[in-house]
2 protein chains.
Amino acid sequence: MPDNLHPLVYRFIEDAGNTTQSFGVGRVIGQIYAFLYFSPSPETLDGMRDGLGISKGSASIAVRQLEQWGAVQKVWVKGDRKDYYTAKDAFGKIIKNAILEMVGKKMGDYESLLAEAREQLESGAIEDDADRIAFMQERLEHLQKFQRWSHQLWNSPMLQTLLK
Amino acid sequence: MPDNLHPLVYRFIEDAGNTTQSFGVGRVIGQIYAFLYFSPSPETLDGMRDGLGISKGSASIAVRQLEQWGAVQKVWVKGDRKDYYTAKDAFGKIIKNAILEMVGKKMGDYESLLAEAREQLESGAIEDDADRIAFMQERLEHLQKFQRWSHQLWNSPMLQTLLK
DNA sequence: TGTTATGTTAAATACATACTGAACGTTTTG
DNA sequence: CAAAACGTTCAGTATGTATTTAACATAACA
């Protein structure tokens, strides 16, 4: 443990790193966010490097991702041309943005694949026996139903409010 | 592409595999689920191996995980002692179970860490200047507020209904 | 203008872990 | 009871990708 770090803070950083890592987002992201969250004043890339024992390149990349999720914010410190960052603490919004980025694109992909599949099936481009075609159509319809359902759930006023 | 597979089914299998992989859950899980979802009749481990070009060991492990999430179901086929599986299609429930397993444990961990942290801080076990301690307390309180909030959100009747 | 400070990028590396293959225990079959 | 059929497990390997390193571009400085 770096000796310049509050022992409690260190444990939160460890946990956060493990969490983000287990979600396939990389360990540094969680570490940096926790580090900033428990920093009384803004920190620079070099500060993160020294505080966490990571490379500056890692810090640069991770901070950009966090910025995209609205999890951290660049702040301007007069008299210093380094970039300073602080953690934003609107967890709901952050989670929403992260989810949106991770599943949003895939949702669109499935939508088009689904549309294409139904088209091919109806146009008779796929030759198969009637039973098989009927089964496929049933599955595709069920998928489309779920797709519509998830859209509605995501856009429901309640969820939008809660993830504000 | 294995030639015994419907071309459309193959594309869904690919997509599903990519999705689960990007979520850090492994590619085979998505592949098997899609394979079963588009199979008119139950399939065995050997069927998955042949249909997807994976090892039987992989299939065994992945199927167990899927079973734990309630995503697949063992079915009994008379006259055959192989284990047969079908895909269950209650997506909401499946997602709920998966999330529960993935974040549930971590939630508990944070809860205890949080409690321990507050305890240490209040008992004066950590020596630090007053400003620093006040800041830490504020952060810990904010975390605890979020923890309570997420509990409520997760247990809200609305969400419970939607993820049924 | 040359020099230093800073953030970014791309190639190389390291790392975590998903997956394979073979061996094992169990159950069925003949 | 022997032999085959299954499912499972675990050590080893392969694979994807997170992270580092070093070179680069840009902007401030003196």
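Here is the naming used below: chain letters follow the sequence lines, and residue numbers restart at 1 for every chain.
- Taking the ring centroids of A/Phe91 and A/Tyr37, they lie under the 6.0 Å cut-off.
- Taking a heavy-atom distance under 4.0 Å as the criterion, the stretch of DNA chain C touched by chain A extends 5' to 3' from C/dA5 to C/dT9.
- Classification of B/Lys105 and B/Asp109 as a salt-bridged pair holds, one side-chain N sitting under 4.0 Å from a carboxylate O.
- Here the closest non-hydrogen pair linking A/Leu114 and B/Phe12 is CD1-CZ, 3.9 Å.
- Electrostatic pairing of B/Arg49 and B/Asp46 counts as a salt bridge here, judged by a charged N lying under 4.0 Å from a carboxylate O.
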### Query
For every nucleotide of nucleotides 8-30 of chain D, 5' to 3': is a protein heavy atom under 4.0 Å from its base (B), only from its sugar-phosphate (S), or from neither (-)?
SB-------SSSBB------S--
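- Here the closest non-hydrogen pair linking B/Ile94 and B/Gly70 is CG1-O, 3.7 Å.
- Residue pairs meeting the side-chain hydrogen bond (donor to acceptor under 3.5 Å, both in side chains) criterion with at least one partner in residues 145-164 of chain B, sequence neighbours excluded, are B/Lys96-B/Gln160.
- By the criterion of side-chain heavy atoms lying less than 4.5 angstrom apart, applied directly or through intervening Ile, Leu, Val, Met, Phe, Trp or Tyr residues, B/Phe135 is not grouped with B/Leu113; the two fall into different hydrophobic clusters.
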